[in-house]
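This structure is in structure tokens; I'll ask about it shortly.
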Amino acid sequence: MLSGTLNNRSDVRAVLLLILTVCVFFIPVLTGMRGIFHDDLAMEVFSRKHFAAANLQQGVVPLWDPQTWCGAIPFYARYFADTYYLPLWPFYVCSDTTNPQSAYFVHTLLPLILHYCLAGTGMYILLRRFFQCRAGASFFGALLYVFSPAFMYAYVWGQVVAIEAWAPWLLYAYVSAVRKFTIVRVLLPGIILSFLITAAVPNYAHFFILIWFGVMVLLQATPSGMPVGRLFQRQALVTAATVCIGFGLSAVYILSSIDGFQYMKEHIPLTLQSALQDPVGSLPLAYLATLFVPHMFDNVTGEQMLRLIPEEPVLYWEANLSGGLFVSFLVFVCCMSLLARRPGQDPRDALWRRCAVFGLVLYAVSLTAALGKNTPVYKWTIGLIPFIRDFPRPIHYRVIQCFSAALLGALGINALCSNVS
């Protein structure tokens with residue numbers, strides 16, 4: 001499993017083990033020993049999915065729901081409604097809407113678990129095929145991703161899990177289309193992009209657009225046997241095709257959302273100033289300690305932190321960073337082993353160093369952006385990007401940090417295995 005060459009059997013075993021690990025994690029939920037029916041699920045997610053399922057089973061795409069918010073907001077026009085997210089439609093059609101418990105399992109819980117499996121598999125393949133990590137390193141990197149706080153504290157909002165699950169697949173499909181230009185390969189990233197859009201979390205989607213842009217730069221800087229100019233043209237063509245296909249397939253959601261803005265009002269205005277003034281939207285500096293000890297400020301509610309520093313309230317489930325000392329140790333190993341490694345020890349050394357730099361840049365940008373109002377970094381980096389800068393809660397940028405931590409962790413294990421061999 002730690003072989004440096006691609007081996008289909010080891011890849012299949014690793015993917016099956018990833019899926020098994022996710023299923024084992026959810027055994028208490030699947031067996032009814034424990035539940036995850038959070039208040040957000042009760043008030044928003046379940047009621048919305050149940051209403052969509054009942055209508056789709058009658059062959060109707062729901063436009064209005066008089067039972068939620070007294071019908072004040074058109075159902076079709078909610079920008080956070082994943083009605084047009086097609087991967088959910090088979091679950092909607094198959095659920096028994098007359099039995100709430102059964103319906104919850106089919107159209108809410110089961111898709112959540114499958115998206116966890118999808119995320120782990122996608123990250124494994126991305127690490128294995130694009131970043132060329134060993135099978136064992138790719139396996140652990142995928143585990144770090146799927147069990148990171150980006151997933152562990154997003155289970156109550158399946159839409160966030162959905163875009164996090166599809167992001168590695170989008171990156172891999174994009175790289176495959178650039179390397180080998182065919183109609184099918186070009187269509188695939190566009191279809192996946194439409195899934196990211198219709199998953200209906202616009203304030204999260206741009207995180208993966210930033211990662212995608214970084215992959216484009218990394219791909220351009222990596223020798224591929226293709227002339228630099230031709231590679232740039234190929235990237236531009238595939239990117240344009242992906243965006244056109246993705247937005248075209250998502251047009252019904254996008255146009256509905258634009259129409260819906262006139263009926264909706266955010267809890268704060270969407271401006272840079274309000275994003276930085278959000279009292280729970282920026283990561284306090286003290287919370288960087290959770291890079292090493294995840295629950296050091298008491299439980300998931302962070303009550304102890306509120307008692308220690310009452311003037312700096314924070315959404316603890318948003319603040320808890322990349323999983324603790326082990327992950328940070330792997331990031332450190334990656335930095336030391338790859339950036340200080342002598343060239344020529346492995347033909348992939350140059351690629352791994354570039355990937356390490358790519359991961360470290362993402363890691364640093366995401367951490368400093370998550371600090372929001374507590375440093376000037378957000379204002380003078382993200383704050384210069386129109387529209388994106390206005391989304392509330394800079395603390396959400398820790399999603400990028402979880403992605404980069406998984407990559408750097410895999411590269412760290414990869415470096416350790418290379419040194420041993």
Query raised in the report: Quick one: side-chain contact (heavy atoms from CB on, under 4.5 Å) partners of Q233, sequence neighbours excluded?
Result: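 If we apply the side-chain contact (heavy atoms from CB on, under 4.5 Å) test to Q233, skipping adjacent residues, there are no hits.
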Report task. Would you indicate whether the side-chain heavy atoms of T198 and L86 approach each other to under 4.5 Å? Result ->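 L86 does not reach T198 side chain to side chain.
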Requested in this report: Spell out, as yes or no, whether a donor-acceptor pair under 3.5 Å connects the side chain of R234 to the backbone of V178.
Outcome: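 The answer is yes, because a donor-acceptor pair under 3.5 Å joins these two groups.
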Query raised in the report: Which pairs, with at least one residue in residues 174-190 and sequence neighbours excluded, count as a side-chain hydrogen bond (donor to acceptor under 3.5 Å, both in side chains)?
Result: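 Pairs touching residues 174-190 that pass the test: Y174-Q235, Y174-T239.
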Query raised in the report: Nearest 0.5 Å, what's the CD1-CG distance between I197 and L249?
Result: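 Between I197 CD1 and L249 CG, I get 9.0 Å after rounding to 0.5 Å.
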Report task. Side-chain contact test, heavy atoms from C-beta onward, threshold under 4.5 Å: evaluate it for I125 versus W169 and give yes or no. Result ->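 I125 vs W169: side chains touch.
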Report task. Would you please test S10 and R128 for side chain to side chain contact (heavy atoms under 4.5 Å, CB included) and show each step? Result -> CA-CA 11 Å; S10 63; R128 187 81 165 114; 4.0 Å; yes
Query raised in the report: In chain order, what residues pass the side-chain contact (heavy atoms from CB on, under 4.5 Å) check against A199, with sequence neighbours excluded?
Result: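 side-chain contact (heavy atoms from CB on, under 4.5 Å) check on A199 returns Y85, A162, I163.
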**Report entry** Side-chain heavy-atom pair T242, W212 within 4.5 angstrom cut-off
**Finding:**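 T242 vs W212: side chains touch.
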Query raised in the report: Closest heavy-atom contact between L110 and V106?
Result: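 For L110 and V106, the tightest heavy-atom pair comes out as CB-O, 3.7 Å.
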Report task. Please identify each residue that fulfils side-chain contact (heavy atoms from CB on, under 4.5 Å) with V228, with sequence neighbours left out. Result ->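 Residues passing side-chain contact (heavy atoms from CB on, under 4.5 Å) with V228: Q220.
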Query raised in the report: Is the shortest heavy-atom distance from the side chain of K49 to the side chain of D82 under 4.5 Å?
Result: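 K49 vs D82: side chains touch.
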Requested in this report: Applying side chain to side chain contact (heavy atoms under 4.5 Å, CB included), run through L218 and R354 and close with a yes or a no.
Outcome: CA-CA 7 Å; L218 177 63; R354 291 188 184 93; 3.7 Å; yes
Requested in this report: With sequence neighbours excluded, tell me which residues meet side-chain contact (heavy atoms from CB on, under 4.5 Å) with L188.
Outcome: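 Residues passing side-chain contact (heavy atoms from CB on, under 4.5 Å) with L188: A173, I192.
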Query raised in the report: In Å and rounded to the nearest 0.5 Å, what is the CD1 to CD1 distance from I388 to I209?
Result: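 So the gap between those two atoms works out to 6.0 Å.
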Query - Minimum heavy-atom distance A405-L144, with the two atoms named - result: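 Residues A405 and L144, closest heavy atoms: O-CD1, 4.3 Å.
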Requested in this report: Take V365 and I400 through the side chain to side chain contact (heavy atoms under 4.5 Å, CB included) test and state the conclusion after the steps.
Outcome: CA-CA 9 Å; V365 168; I400 300 179; over 6 Å; no
Query raised in the report: Any idea which heavy atoms bring Y92 and A53 closest together, and the distance?
Result: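 Shortest heavy-atom contact: O-CB, 3.6 Å.
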**Report entry** Rounded distance [0.5 Å steps], OH in Y124 versus CZ in F140
**Finding:**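 It is 11.5 Å, given to the nearest 0.5 Å.
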Query raised in the report: What residues form a ring pair (Phe, Tyr, Trp, His ring centres under 6.0 Å) with F195, not counting sequence neighbours?
Result: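 So F195 forms a ring pair (Phe, Tyr, Trp, His ring centres under 6.0 Å) with W166.
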Query raised in the report: What is the distance from atom CG of L16 to atom SG of C23, rounded to the nearest 0.5 Å?
Result: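 The CG atom of L16 sits 10.5 Å away from the SG atom of C23.
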**Report entry** Aromatic plane relationship, F403 with F208 - under 30° parallel, 30 to 60° tilted, over 60° perpendicular
**Finding:**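 Judged by the thresholds at 30° and 60°, the geometry between F208 and F403 is perpendicular.
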**Report entry** Test side chain to side chain donor-acceptor pair (under 3.5 Å) applied to Y397 - qualifying residues, sequence neighbours left out
**Finding:**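 Only H206 meet the side chain to side chain donor-acceptor pair (under 3.5 Å) criterion with Y397.
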Report task. Check whether any side-chain heavy atom of P168 lies under 4.5 Å from a side-chain heavy atom of Y145, and answer yes or no. Result ->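 Counting from C-beta outward, P168 and Y145 do come under 4.5 Å.
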Query raised in the report: When rounded to the nearest 0.5 angstrom, what distance separates SG in C133 from CG in L126?
Result: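 Here the interatomic distance stands at 9.0 Å.
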**Report entry** Worked check of ring pair (Phe, Tyr, Trp, His ring centres under 6.0 Å) between F147 and F25
**Finding:** CA-CA 10 Å; F147 291 110; F25 176 77; 5.2 Å; yes
Query raised in the report: Can you name the nearest heavy-atom pair linking A356 to L408, along with the distance?
Result: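 Looking at all heavy atoms of both residues, the shortest contact is O-CD2, 3.7 Å.
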Requested in this report: Would you confirm whether S282, through its side chain, and K373, through its main-chain N or O, come within 3.5 Å as a donor-acceptor pair?
Outcome: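 Yes.
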Query raised in the report: More than 12 foreign heavy atoms under 6.0 Å from CG of L384: is that the case here?
Result: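 Result for CG/L384: enclosed.
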**Report entry** Any side-chain heavy-atom pair of N374 and L283 under 4.5 Å
**Finding:**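 Counting from C-beta outward, N374 and L283 never come under 4.5 Å.
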Query raised in the report: How long is the span from the CG atom in L371 to the OG atom in S366, to the nearest 0.5 Å?
Result: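 Rounded to the nearest 0.5 Å, the CG-OG separation comes to 10.0 Å.
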Requested in this report: Identify the heavy atoms of P111 and F105 that sit nearest to each other, and give their distance.
Outcome: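 In this case the closest contact between P111 and F105 is CD-O, 4.4 Å.
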Report task. Check the pair I245, L193 against side chain to side chain contact (heavy atoms under 4.5 Å, CB included), reporting the backbone distance first and the verdict last. Result -> CA-CA 8 Å; I245 294 169; L193 178 61; over 6 Å; no
**Report entry** Heavy-atom closest contact (A135 atom, D11 atom, distance)
**Finding:**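 Reported closest heavy-atom pair: CB-OD1, 4.3 Å.
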Query - Any donor-acceptor pair under 3.5 Å from N414 side chain to A137 backbone - result: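 No; zero donor-acceptor contacts below 3.5 Å.
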Query raised in the report: Side chains of V61 and N55: closer than 4.5 Å at any heavy-atom pair?
Result: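 No, every pair of side-chain atoms sits at 4.5 Å or beyond.
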Query raised in the report: Less than 4.5 Å apart, any side-chain heavy atom of Y253 and any of F247?
Result: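 The answer is no; the side chains never approach within 4.5 Å.
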